[in-house]
Structures are given as C-alpha cells and as structure tokens.
Visitor: 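Structure in structure tokens, see below.
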Amino acid sequence: MRFSKLLGRTLKEAPSDADCISHQYLVRSGMIQQVATGVYSYMPMGWRVFRKIENIIREEMDRAGGQELMMPSLQPLELWEKSGRLPSFDKTIFIVTDRKEHKLAMGPTHEEVITDLVRRTVQSYRDLPQLPYQIQNKFRDEPRPRGGLLRVREFFMKDLYSFDTDEASLDQSYKKMVQAYKKIYARCGLPSVMVEADSGAIGGKASHEFMLITESGEDEIIYCSKCDYAANTEKATSIKKPNPPEDLKSVEEVSTSGLKSIDEVATFLGVKADQTLKSVFYVADGKLVFVVIRGDFEVNEVKLKNALKCNDLHMATVAETKEAGLVAGYASAIGLKNVLIVADDSIKLGNNFVAGANKPDTHLKNVNYPRDFKANVIEDIARARAGDPCPRCQGELKAQRGIEVGHVFKLGTFLSERLGAYYLDKDGSSKPIIMGCYGIGLGRLLAAAVEQNNDEKGIIWPLPIAPYQLYLCPIKTEDVKVMETAERLYSDLTAAGIEVLFDDRQESPGIKFNDADLIGIPLRVVVSPRTLQSNSVEVKWRREKQSQIMPLEGLVSNLCTMLQVNG
RNA sequence: CGGGGAGUAGCGCAGUUGGUUAGCGCGCAGCGUUCGGGACGCUGAGGCCGGAGGUUCGAAUCCUCUCUCCCCGACCA
C-alpha cells in the first residue's frame, strides 16, 4: 500500500475526550473514527488489524471443530420472551419497531437464535455434539460506553455455542475452547491469563474469563502467588481470618457522637476494624436490603446480587434509607424487623463486635451472632483482598488489573429447556441439550492489544496482527536513485509476500518517522542517499532502539527471514 | 438513571462584564527554499459560534427549552 493513497490521516493531537491510550493512539493513527457514543468506524488500516485478528480466531475455531455460520442481527422479541432473559438484559437491548408495529431486538448476543436453530435441526444424540459459531456485530445499549473501542454499543463478537448430550461431553467442548482461546491470544502475540469468573446476565454455571494484563484494565484479578488460582474479583474468594475467640459479653451501649465510619468508631473505641460490624443498605429490584459484613471487609456487589437472585441492585439512596427508618452511620441488624437481612459469613468469625444501635450517636458493644441478631441469608458476599490467604493453598493472594477479552460459560440446560431444544437419547428418552457459550470481543481485543503494546511514540503492534508487516521509507523522495531503489524494493517485497506500507509521501524525515512510530508497524526499512552510498538500507524493529545497516544484495530474502523468525 | 463537565474551521484551543469584519496553533491548497526525528518564507481556502425560541437598536456572549459528546458510579466481549 502506498501511504499517499491511504484513506485516513495521522493526527498530532488526540481528541481531548480520548483518555485511554488505545483510544488516543487508534484515533491519532487514523485507524478508527467515532460516529456516535460507543459507535465507531474502522478506517482501512484499523480494519486490516481487525481482519488479522478475525482470521486467527476463525482458524482456531475451525481447528477446534467449530462450524461457522451467520445469524441475523434482527431477532424477534418473542424468542427473548421465551428464554426468559429479557429482564436480565432489560434496557441494554436495542429494540426496533417495524412498519407493522412488530418489535425486533438488535441482537445483543445470539444464544436465543442459535438454540432455536439447533432445536429445529438437531433431533438425535447422533447429531451431537455441535460447535456452531459466528463472527458478527452485536448491539448493546451499554449504560456507559467508554475507552474508545474498549466498551462500545455496536461491536464484533466471535461467539461459539456448544451443544452436548452430557456433562462429560460438555467438559470436552469446554476444554477444547479453552485450549483454542489460549492459542488465539498466543498467536496474536498477546499474553493472556485465564481466570474464574461470574457468569452475569448470560447465566449458567462454570465460567472463565481471559484477561490481558494492563494497568488500565477495567477488571481486577485476584491471583495466588503460590498456586494457579486466579479469579475476577467479582468471583474471587479468600480465606477470612477469624478473630481470636473471646467469651461472650453482654451488650452495652456507648455514645459515639458524630462518629459514623467504621474507622472513626473503631479508633474511638480502641478496637480494630475487624471487631466491628459494618452495615450497608441496598435496593434490590425495588426492595430495601440490609447487608451486614465484618468491618474490615467490603461488600462484593456481584456476589450480593447472586445471593439475592435479583436483576437490579444499587446502593440505597439517602431518601430510600430514611424511608426505611434506618439511621445511617448508626444502623445495625439488631432489633430490625420487616427488612431482608443479608450477612457475610465473616460475621461468624469473631465475638463481641461493635455495631450500630439504630439510634443517632450510639453504638453497641459486644454484639454476637446469632445471639443478638439473625440474618435471612448468610453467604460469602465479601470482596476478596490481596494479601489474604488463597482459598486453595493458603498462599498469599495478589491483585492485578486486566481487560476482559474473552469469556467462556457452561450454560447447562436452562436455555434449551425454555426454548425447547431437546434430543432423543439412545434409550429413546427426550433430554434437553447441554449448552455452553464462548465469546471473544474482536474490537476490544484490538484495543487491548494497543493498551498492552505501546510507548510514548505510539503503538507497537505484535507482528501477527500488525496492519502491515513492514514500513518502507524513502528519504528525500526527489532523489531519483532513492526512489528507484525504494520502488524496486516495494515491488520485490510485495512479490515476496510481505505486506508493505510504502511511505511514498513527499514529507520530511521527521514526519515520516513519527508517523511510522505512531502507526506501529513492526519492521522499518529506510532508504536514503546516505544508505545508498554503501548500497544498503537501514532496518529497525519498532520495538527496539537500535537499527542496523543491511546491504541491498539479498535484502528481500533477509527481510523475509527476519519476519518469519519473529512471526 | 444519579453526580460532574464540554459543544466556536478537519484537529487542539482562545474569545463569553452584549458592540463593527470571530481569532490563534496544527492541518489543508499554491509557489519557493529545505531534507535522518513533526523545517522555513510568502500567498490562500475554510465558520449559520450544536439546534430552536426569546430579550435587545445590536447576541458566540444574557434567558428558556432541546440535542449531542466526555468524565465518575450500576453493565460487559
């Protein structure tokens, strides 16, 4: 490709509203352009990267036994009503109305459609297992799109669905996909980490996410420094250390005027945070929920949501708290009536806690469960913390940030049952097909690749997904000999199967080098009067500082070798 | 949806106590000088000041409504 003909220009300054690196560099390098909130066009160069990622994914899906198909974006709402997942997706579904006032969903995902498709197609155990997949755009009216391509409303997803007859077969499908996923990220040149995950709105049982580790990641990963335990904080557990046992004392009121936070109260009474009980109020599907947890822990809202099996969960507002008659800062579960109380199991790991007295400026000492209060639900609803012991091996847990670039789920049979996808087993009995689903966000992966691979000058694409492999840069384009050499190299390299971006623009060296660094093509070849004096060119990897001078003689095959060795 | 901010040239911004012709930098077009890390000179094109309504002799500037975009929380590939 000749740079002079390329659609898209590089920008010196990023739009001020781009705040994450991938967003800035992708826009500045002319790879993407925003159309609306969370809606982007891919410019030719960005689309080349996209297609490389897509091809790697497609190859690995095919290799794992997947069969590619295409399902439409428009989906009858009836399918969603049948599957019962409408409430959990709620406002994130874009709904369009046709001329007959019939409502259609812009598919946020395709489990409903594929399950219906399989229902019509698969009848016998002989037809299973199946691994259909598609690479398609999905629509989700996200509460808050952000970070350029990292979180958008129209995005491309590879989604594969597994259909199996039994758990053992599902395990196999799941394993195949996990292997394929690891292969995909590795082939893209992007080190990934697999972690245990919550299954969220998709529903289902086992679930793992694949993360690219970056500072700027939206997710926090908890992992063990000793064993291979790793989980999204949404899901992660840790061993909660019990307080030293004490004899139960009787409840005592203390005045704590003006002291509201755990820290303030604990400091005032000369106890540690883990000797207090924290109260937090939530509203779950419109109902107030009272949450109790040991003072040194924080509530994990995902776990809480799962414990409550609700669709909507938010912290209670001041008004909602007042309405329920709770005294913020001094509330506790003691003596509460007609309110759902959910407790973290940490409340059992100690005695004689300090808790609110349900009246202003007063706390209670020596509160004990279950002597002084009860809870409707007691479960693990705490955020696992770095520094705590690993639930598997007691090793120390650590935390890191990452970007979720893939998610696999064992769905089980709830969708096939609701949508009527049954098969006839060997014994003639009708059974629901066991499902799994496996997604990769392509644009997100592209953006995450940039988050993971950049420097102050710009992007540093891993070779397998770079828009072009080689950047060919003649300096002093009026110099006939330089241009002749460059033109010849361009056609020879192209003929040798190398993807070349040929910077034939009449620009100063500074502009060209800076653009090259910004765009991030892995290998740079410079032809100039200076290098030609010794019948050579300058060759430099984007990732490295040092360049080398290589003779024109045998250059094309030498470059091919360099690219092969490093590809 | 709750809280905070922004819409002026392709991009980044100034101008906002109402006052003539709306500016600057980058980019863009032409000519010339340059040519190994965003070079320089000259000339030039490009704006209903997000939209609608109002106040006024006069509105980018004041008022009302509206749309769009960004940031912080709930969502997720």
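First the proteins, then the strands, lettered A, B, ... as listed; each starts at 1. Just so we're clear, the structure is a prediction, and the values are computed from it rather than from any experiment. Keep in mind that the numbers below use all heavy atoms, side chains included, and drop hydrogens, waters and symmetry copies.
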Visitor: So, does A:Gln34 get its side chain near the phosphate of B:C70, meaning an N or O under 4.0 Å from OP1 or OP2?
Guide: yes
Visitor: Under 3.5 Å, is there an N or O donor on one side and an acceptor on the other linking the side chain of A:Arg151 and the base of B:C76?
Guide: yes
Visitor: Given the P atoms of B:G30 and B:C49, what is the spacing between them in whole Å?
Guide: 30 Å
Visitor: Reading RNA chain B from 5' onward, which residue's closest nucleotide shows up sooner: A:Gly406 or A:Lys476?
Guide: A:Lys476
Visitor: Provide the Watson-Crick or G-U wobble partner of B:A39, both distances under 3.5 Å; none if there is no partner.
Guide: B:U33
Visitor: Is it the case that over 12 heavy atoms from other parts of the model lie below 6.0 angstrom from the CE atom of A:Met483?
Guide: yes
Visitor: Can you tell me if A:Lys303 has over 12 outside heavy atoms packed within less than 6.0 Å of its NZ?
Guide: yes
Visitor: Taking atom C1' in both B:G15 and B:A59, what distance in whole Å separates the two?
Guide: 14 Å
Visitor: Are A:Tyr181 and A:Tyr438 an aromatic pair, judged by ring center distance below 6.0 Å?
Guide: no
Visitor: Return yes if the base of B:C70 and the side-chain atoms of A:Arg146 contain a donor-acceptor N/O pair under 3.5 Å, otherwise no.
Guide: no
Visitor: Between A:Leu313 (CG) and B:G73 (P), how many Å, whole number?
Guide: 17 Å
Visitor: Rounding to an integer number of Å, can you tell me how far A:Glu218 CD sits from B:C75 P?
Guide: 11 Å
Visitor: Scan every strand shown for a Watson-Crick or G-U wobble partner of B:C13, both distances under 3.5 Å, and answer none if you come up empty.
Guide: B:G23
Visitor: With both distances under 3.5 Å as the test, what is the Watson-Crick or G-U wobble partner of B:G47?
Guide: none
Visitor: So does A:Glu60 pair up with A:Arg63, basic N to acidic O under 4.0 Å?
Guide: yes
Visitor: A:Pro143 side chain: which of B:C76, B:G12, B:C75 is closest?
Guide: B:C75
Visitor: Could you measure between the two P atoms, the one in B:U16 and the one in B:G37, and give it in whole Å?
Guide: 41 Å
Visitor: Determine the interplanar angle of the A:His208 and A:Tyr174 rings, folded into 0 to 90°, and report it as parallel if under 30°, tilted if 30 to 60°, perpendicular if over 60°.
Guide: tilted
Visitor: If I pick the P atom on B:G51 and the same atom on B:U61, what distance separates them, to the nearest angstrom?
Guide: 10 Å
Visitor: Has the side chain of A:Glu13 got a donor or acceptor that lies under 3.5 Å from a partner of the other kind on the base of B:C13?
Guide: no
Visitor: Can a side chain N or O of A:Arg144 be found less than 4.0 Å away from OP1 or OP2 on B:G73?
Guide: yes
Visitor: B:A74 pairs with which nucleotide, Watson-Crick or G-U wobble, both distances below 3.5 Å?
Guide: none
Visitor: For B:C69, which nucleotide is its Watson-Crick or G-U wobble mate, given both distances must be under 3.5 Å?
Guide: B:G5
Visitor: Could A:Glu538 and A:Arg524 be called an ion pair, given the rule that one side-chain N must be under 4.0 Å from one carboxylate O?
Guide: yes
Visitor: Check the phosphate of B:A77 against A:His407, side-chain N and O only, distance under 4.0 Å to OP1 or OP2. Yes or no?
Guide: yes
Visitor: Check whether A:Ser279 reaches the backbone of A:Ala331 with its side chain - one donor and one acceptor, N or O, closer than 3.5 Å.
Guide: yes
Visitor: Rounded to the Å, how far apart are A:Met211 CE and B:C76 P?
Guide: 13 Å
Visitor: Hey, does the Lys NZ or Arg CZ of A:Arg48 hover above the aromatic six-ring of A:Tyr468, less than 6.0 Å from the centre and inside 45° of the axis?
Guide: yes
Visitor: Can you pull every protein N or O that's under 3.5 Å from an N or O on nucleotides 36-43 of chain B?
Guide:
unit_1, atom_1, unit_2, atom_2, d
B:G36, O2', A:Arg530, NH2, 3.0
B:G36, N7, A:Ser528, OG, 3.2
B:G36, O6, A:Ser528, OG, 2.5
B:G36, N1, A:Glu538, OE2, 3.2
B:G36, N2, A:Glu538, OE1, 3.2
B:G36, N2, A:Glu538, OE2, 2.1
B:G37, O6, A:Arg524, NH1, 2.8
B:G37, O6, A:Arg524, NH2, 3.1
B:G37, N1, A:Asp517, OD2, 3.1
B:G37, N2, A:Lys457, NZ, 3.4
B:G37, N2, A:Asn514, OD1, 3.2
B:G37, N2, A:Asp517, OD2, 2.4
B:G38, O4', A:Asn514, ND2, 3.4
B:G38, O2', A:Lys12, NZ, 3.2
B:G38, O6, A:Arg28, NH2, 3.4
B:G38, N1, A:Asp515, OD1, 3.2
B:G38, N2, A:Asp515, OD1, 3.4
B:A39, OP2, A:Ser508, OG, 3.1

Visitor: Roughly, in whole Å, what's the span from CD in A:Glu507 to P in B:U34?
Guide: 17 Å
Visitor: Whole Å only: how far is the CZ atom of A:Phe94 from the C1' atom of B:C75?
Guide: 13 Å
Visitor: CG of A:Leu7 versus P of B:C28: gap in Å, rounded?
Guide: 15 Å
Visitor: Donor-acceptor pair under 3.5 Å: do we get one between A:Asp479's side chain and the base of B:C35?
Guide: no
Visitor: For B:U55, give its Watson-Crick or G-U wobble partner with both distances under 3.5 Å, or none.
Guide: none
Visitor: Taking the six-membered ring for Trp, are A:Phe290 and A:Phe281 parallel (under 30°), tilted (30 to 60°) or perpendicular (over 60°)?
Guide: tilted
Visitor: Say we look at B:U33 and B:C71: how far apart would their P atoms be, to the nearest angstrom?
Guide: 48 Å
